[in-house]
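Below you'll find the structure, written out as structure tokens, and then a few comments.
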Number of protein chains: 2
Amino acid sequence: MRIPAHSVCTAIRDDIVAGVHGRGSRLTEEILARRYGVSRVPVREALRTLEAEGFVVTRRHAGACVAEPTEQEAADLLETRTLLEPLGASRAARRRTEAHLKVLRGLVRLGQERARQSNGEDLRPLGGWFHETLVRAAGSPSLAALLTQLRHKIAWMYVQEAPAGPVQHWAEHGAIVDAVARGDSERARALMTLHTERSASAYRLRFAPGGGLTERVRNAQHSVNTAGLLQ
Amino acid sequence: MRIPAHSVCTAIRDDIVAGVHGRGSRLTEEILARRYGVSRVPVREALRTLEAEGFVVTRRHAGACVAEPTEQEAADLLETRTLLEPLGASRAARRRTEAHLKVLRGLVRLGQERARQSNGEDLRPLGGWFHETLVRAAGSPSLAALLTQLRHKIAWMYVQEAPAGPVQHWAEHGAIVDAVARGDSERARALMTLHTERSASAYRLRFAPGGGLTERVRNAQHSVNTAGLLQ
DNA sequence: CAAGCGAATAGGGAATACCAAAAGCCCCGA
DNA sequence: TCGGGGCTTTTGGTATTCCCTATTCGCTTG
């Protein structure tokens, strides 16, 4: 599986989010390098980036492991998003361009259509794109980076159940875009607050809600992962 | 100036915040390596980290430059902090340990003392330590990392004027710690909201508020920096 | 037999050398 | 004066090497 070296970071992150590298599993530079078909240096750079993003933890001379966020951290993640997403919406209402509006309206149109017909899984990525473009319309790269990181982590720790009312869900998206189009930043913020609070209930923790995995099981999983990497 | 290679990242970040590497100035790997007395590899890793943190921007095959945040981004930074700091306070109220409380009370005691006597600059770091320990008491490493990054960036882009009423300022700190000690998360959040909103007015943008520096001046500064690096 | 200590090993941290490719520049010519 | 082409600089990436530390396994000893 040879991968362009400059996107090793994305590849590893995706694999972590997808569960290929399990929580707490060891990330050996040599093995990663072979797995993605690059040398150790790009791997190390990627690991530094992922460490800064909070996906891996490193101890000096002891290498990198996939992080093991607690239930508390996972909860904070959702709450952080419910705080920042409205900020993005309000900023977007002030700074959006016509091009942004066009894309947003297209996404909403598509989403509402599909929500009415197929309540299937194919509108999950649409929701992601919607929020992604919205925060980009806010014209603040750092805020956008923050929120995309948050979404990545949330996708990692939570499994998003099919939203209870997809039509309602996308109606809210539409209302937000309307407020953004009118430049009504306060209404956009309020609507987004409601929206994120409502959709937060559709997220369920991925790992055992009780107390996490035992050491025995963790080590077993680790062996499995290592074996898989060596194939 | 030989520096342990594993802290090159911190060194560069500190230099950026301190203004040694000016906004938009070029960061050549070779020069950085010589400046900090390490080889290119640690420098490259550090640059990846700093890129993830938003302090530098890189274009493929065109190297790294110190970022040039717009006025908008700077404003968003302050607003983001006023949103996240209260979250940290409320979490701290639920999760703080006795050890945390002890340190916080000590800091407040010290700060209030110095605020009464010398309204000088020596209580600036105290404020930083206070907020730092408070967010660590929240027991959420990711939230703590987020807020420390925010503080670094704010220190980079803003010059903090001596707070108008240091006594009042530290009285608010005391009230927050009291709420945290009682486990009253909602009151801690509310107090912190007030506190951050109030202190936000003490920050003034570092760079020219009009339209930034001209290309001419920027290049001149760049030469100066380069000369300084080569000494 | 248990517990603790020490040696062996594996893996990360770092330096160095080297190459390819892309970007930026500088100069020359139209 | 402006545009294009070649040259140089610098980055991206690989390979190799050395050193150092954490871990682990086994041995010794109580």
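Each chain gets a letter, A, B and so on, in the order its sequence line appears, and its residues count up from 1. All figures in this text were calculated on a predicted structure; none of them were measured in a lab.
- Heavy-atom distances under 4.0 Å link DNA chain D to B:R48 of residues 46-58 of chain B, given in residue order.
- Residues meeting the side-chain contact (heavy atoms from CB on, under 4.5 Å) test with B:H6, sequence neighbours left out: A:R60, B:P4.
- Put simply, chain B comes within 4.0 Å of DNA chain D, heavy atom to any atom, from D:dT10 to D:dG13, going 5' to 3'.
- Remark: the backbone N or O of A:Y158 is paired with a side-chain donor or acceptor of A:R206 at under 3.5 angstrom.
- Between the side chain of A:R95 and the main chain of A:A138, a donor-acceptor pair closer than 3.5 Å is present.
- For DNA chain C, the outermost nucleotides in 5' to 3' order that have an atom under 4.0 Å from a heavy atom of chain A are C:dG11 to C:dA14.
- Shown here are the side chain to side chain donor-acceptor pair (under 3.5 Å) partners of A:R44, two or more places apart in sequence or in another chain: B:E45.
- If one axis is set at each end of the helix from C:dC1-D:dG30 to C:dA30-D:dT1 from five pairs, those axes are 20° apart, to 10°.
- Counting any heavy atom pair closer than 4.0 Å across all strands shown, A:R59 reaches sugar-phosphate atoms only and no base atom.
- Residue B:G63 is the one, among A:P42 and B:G63, whose nearest nucleotide of DNA chain D lies closer to the 5' end (criterion: closest heavy atom).
- Nucleic acid contact for B:R60: sugar-phosphate only, since backbone atoms but no base atoms lie under 4.0 Å from a heavy atom of the residue.
- Checking side-chain atoms of A:R96 against main-chain N and O of A:V180 turns up a donor-acceptor pair under 3.5 Å.
- With sequence neighbours excluded, the residues that form a side-chain contact (heavy atoms from CB on, under 4.5 Å) with B:L104 are B:F130, B:T133, B:L134, B:V177.
- With sequence neighbours excluded, the residues that form a side-chain contact (heavy atoms from CB on, under 4.5 Å) with A:H152 are A:R13, A:F55.
- Each salt bridge (Lys or Arg N to Asp or Glu O under 4.0 Å) pair with one or both residues in residues 126-152 of chain B, not counting sequence neighbours, appears once here: B:E85-B:R151, B:E132-B:R136, B:E132-B:R151.
- Among residues at least two apart or in separate chains, side-chain hydrogen bond (donor to acceptor under 3.5 Å, both in side chains) pairs with a member in residues 141-150 of chain A are A:S142-B:E73.
- The side-chain contact (heavy atoms from CB on, under 4.5 Å) search around B:A155 returns B:V17, not counting sequence neighbours.
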Check: Could you walk me through whether A:Y36 and A:V43 pass the side-chain contact (heavy atoms from CB on, under 4.5 Å) check?
Finding: CA-CA 9 Å; A:Y36 299 103; A:V43 170; 5.6 Å; no

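- The shortest non-hydrogen separation linking A:T80 to B:L143 is OG1-CD1, 4.3 Å.
- Residue order along DNA chain D, read from the 5' end via each residue's closest nucleotide, puts B:L27 first among B:L27 and A:V41.
- With sequence neighbours left out, the ring-ring contact (aromatic ring centres under 6.0 Å, His included) criterion links B:H131 to B:H173, B:H195.
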